[in-house]
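Working notes, beginning with the structure itself.
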Amino acid sequence: MKVFLGDKLVDEKDAVVSVFDHGLLYGDGVFEGIRAYNGRVFLLDEHVDRLYDSAKAIALNIPMDKAQMAQAVVDTCKANALVDGYIRLVVTRGKGTLGLNPYLCDKAEVIIIAAKIQLYPQELYDNGLKIVTVGTVRNHTEAINPRIKSLNYLNNIMAKIEAINAGCMECLMLNTHGQVAEASGDNVFAIKNGVLTTPPSWCGALEGLTRNKVMEIARKAGYEVRESVMARYDLYVADEVFLTGTAAEIISVVDIDKRPIGDGIPGKITRELSALYTECARSEGTPIA
Ligand code: PXG
C-alpha cells in the first residue's frame with residue numbers, strides 16, 4: 001500500500017510519524033473519513049472544506065491549499081487502484097516538545113490512507129439497530145465544539161464503550177441540556193407523519209456530510225425536512241429513526257432504550273431514502289482515474 005505522508009506518496013512501511021507528534025501525544029489535529037464509490041471520491045470538496053474549517057477552529061495551519069489537498073486524495077486513491085473504499089485524511093499538529101504548546105511544533109503532518117472499510121454487518125441494515133442513551137454527554141460547544149472533527153475522539157469513545165457494554169453497537173448522545181445531539185459516530189434523524197427532523201449542529205452534532213446529502217435528497221423527493229431541538233421523547237414516539245454517516249451511510253434504528261420505534265422494523269421512508277442515497281453515491285463524485 002502507498003500512503004501519502006507530508007508532501008508525497010511513500011510505501012506503507014515508510015509511513016511513520018514521530019513519537020513526539022502532538023497528534024499522538026495530545027490528540028491535537030483534525031481528520032476526515034471519506035468514501036470512494038465506483039472509481040469516484042464522494043463529496044471530496046465538501047470533506048476538504050470541512051477539514052480546513054476544523055483546522056481553522058483549532059488554529060492549525062495546513063501546509064498546502066485545498067486544491068493540492070483534493071489532488072493528494074485523488075493521487076493516493078490512484079496509487080492504490082482504489083475503486084470502492086474508505087479514505088482517512090489526517091492532519092496532526094506535527095512533531096513538537098513534551099509540552100502542550102502547539103506553536104513549538106515544526107509543521108503540520110498530512111497523512112492520507114486509502115483503504116477498505118469495515119461496515120456494519122448486512123443483518124443490521126436489514127433488521128435495524130438497537131441503541132441506548134448513554135451517560136456521557138456530547139462535548140460542550142465551548143469546550144471542543146462537536147462541529148470540529150478533531151483527533152480527540154475520547155468523548156465519543158467513552159460513549160461507544162457504554163453502548164458496547166450495554167450490548168449495542170451505537171448509542172444516543174445528549175448535550176449538556178439533555179437535548180438530542182447525535183450518535184457516537186453518526187447523525188440522527190426522526191421521521192414523524194412524513195416530516196424528517198434532525199438536531200441543528202448547535203445542539204452538539206457534527207454537521208455530517210451524509211446528513212446534509214440526505215436532507216437534500218429528502219427535500220428533492222418531496223419530504224419536509226426540519227432542523228430542530230429534539231428531546232428523546234421525539235425519538236421514542238417517531239414513526240422511523242435512522243442514523244447517517246460516511247461509513248454507515250443510512251441505517252435504521254428500530255429500538256431506543258427498549259422502546260420499539262414505529263413497527264420495530266426498518267421504515268418505508270428510511271428504505272426509500274437509503275436507495276436514493278446509494279444511487280447518488282454511485283453516480284456522483286470526483287473521478288480517480
Ligand atoms: N457525528 C460524528 C461524531 C462523526 O464522527 C458523523 C457524525 C457523520 O458525519 P459524516 O460527514 O461522515 O456524514 C461522524 C463521522 C467510525 C467513524 O469508525 C465514524 C465517523 C468518523 C470516523 C470514524 O465509526 N463518522
Side-chain angles (χ1 to χ4, degrees), residues 23 27 29-37 41-54 57 73 85-91 111-121 124-125 129 131 134 136-141 143-164 168-175 180-189 196 198-218 227 230 241-251 253 273-274 277-278 280-281 284-285:
V30 294
F31 79 104
E32 284 294 322
I34 310 174
R35 286 289 280 274
Y37 295 102
V41 183
F42 191 51
L43 300 173
L44 177 57
D45 292 340
E46 289 84 349
H47 279 288
V48 170
D49 282 345
R50 187 171 66 184
L51 181 81
Y52 280 72
D53 284 349
S54 292
V73 170
Y86 186 73
I87 302 142
R88 178 58 57 94
L89 176 47
V90 182
V91 184
I111 301 163
I112 308 172
I113 308 164
K116 287 283 157 207
I117 183 165
Q118 182 70 44
L119 294 170
Y120 282 128
L124 290 177
Y125 286 93
L129 272 179
I131 66 173
V134 292
T136 304
V137 295
R138 194 70 180 94
N139 282 330
H140 190 285
T141 49
I144 299 173
N145 193 306
R147 295 180 70 179
I148 302 170
K149 207 161 162 53
S150 91
L151 285 184
N152 194 315
Y153 251 52
L154 271 179
N155 181 229
N156 313 65
I157 290 166
M158 301 282 280
K160 187 91 176 182
I161 288 169
E162 287 187 69
I164 294 166
C168 295
M169 300 193 63
E170 249 299 3
C171 58
L172 181 67
M173 297 184 79
L174 308 177
N175 65 19
V180 173
E182 58 180 339
S184 73
D186 296 300
N187 290 109
V188 63
F189 283 79
L196 278 75
T198 192
S201 59
W202 60 263
C203 280
L206 179 77
E207 205 173 302
L209 298 179
T210 316
R211 165 191 185 273
N212 291 352
K213 195 72 186 173
V214 166
M215 289 168 79
E216 181 190 313
I217 287 171
E227 281 181 83
M230 296 175 82
V241 170
F242 64 85
L243 306 181
T244 63
T246 298
E249 301 179 325
I250 297 176
I251 189 157
V253 173
L273 294 174
S274 191
Y277 183 82
T278 302
C280 181
E284 291 177 9

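As the structure lists them, so they are numbered: ligands from 1, and atoms in each ligand from 1.
- Using modelled atom types, one side-chain atom of Asn175 and one backbone atom of Cys203 make a donor-acceptor pair closer than 3.5 Å.
- Ring orientation note: the planes of Phe189 and Phe242 are close to parallel, at an angle under 30° on the 30°/60° scale.
- Legend: residues meeting side-chain hydrogen bond (donor to acceptor under 3.5 Å, both in side chains) with Thr136, ordered by chain and number and at least two apart, are Glu162.
- Of the charged side-chain nitrogens involved, at least one lies within less than 4.0 Å of a carboxylate oxygen, so that Glu182 and Arg138 count as a salt-bridged pair.
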Which atom pairs, nitrogen or oxygen on both sides, join ligand 1 and the protein at under 3.5 angstrom?
residue	atom	partner	partner atom	Å
ligand 1	1 (N)	Glu182	OE1	2.6
ligand 1	5 (O)	Lys149	NZ	3.2
ligand 1	5 (O)	Tyr153	OH	2.4
ligand 1	11 (O)	Arg50	NH1	2.8
ligand 1	11 (O)	Arg50	NH2	2.9
ligand 1	11 (O)	Leu209	N	2.8
ligand 1	12 (O)	Thr246	N	2.9
ligand 1	12 (O)	Thr246	OG1	2.4
ligand 1	13 (O)	Leu209	N	3.3
ligand 1	13 (O)	Thr210	N	2.9
ligand 1	13 (O)	Thr210	OG1	2.6
ligand 1	25 (N)	Gly185	O	2.9

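- The line from CZ of Arg50 to CG of Leu209 is 4.0 Å long, rounded to the nearest 0.5 Å.
- Pairing each heavy atom of Arg211 with each of Pro200, the nearest pair is NH2-CA, 3.9 Å.
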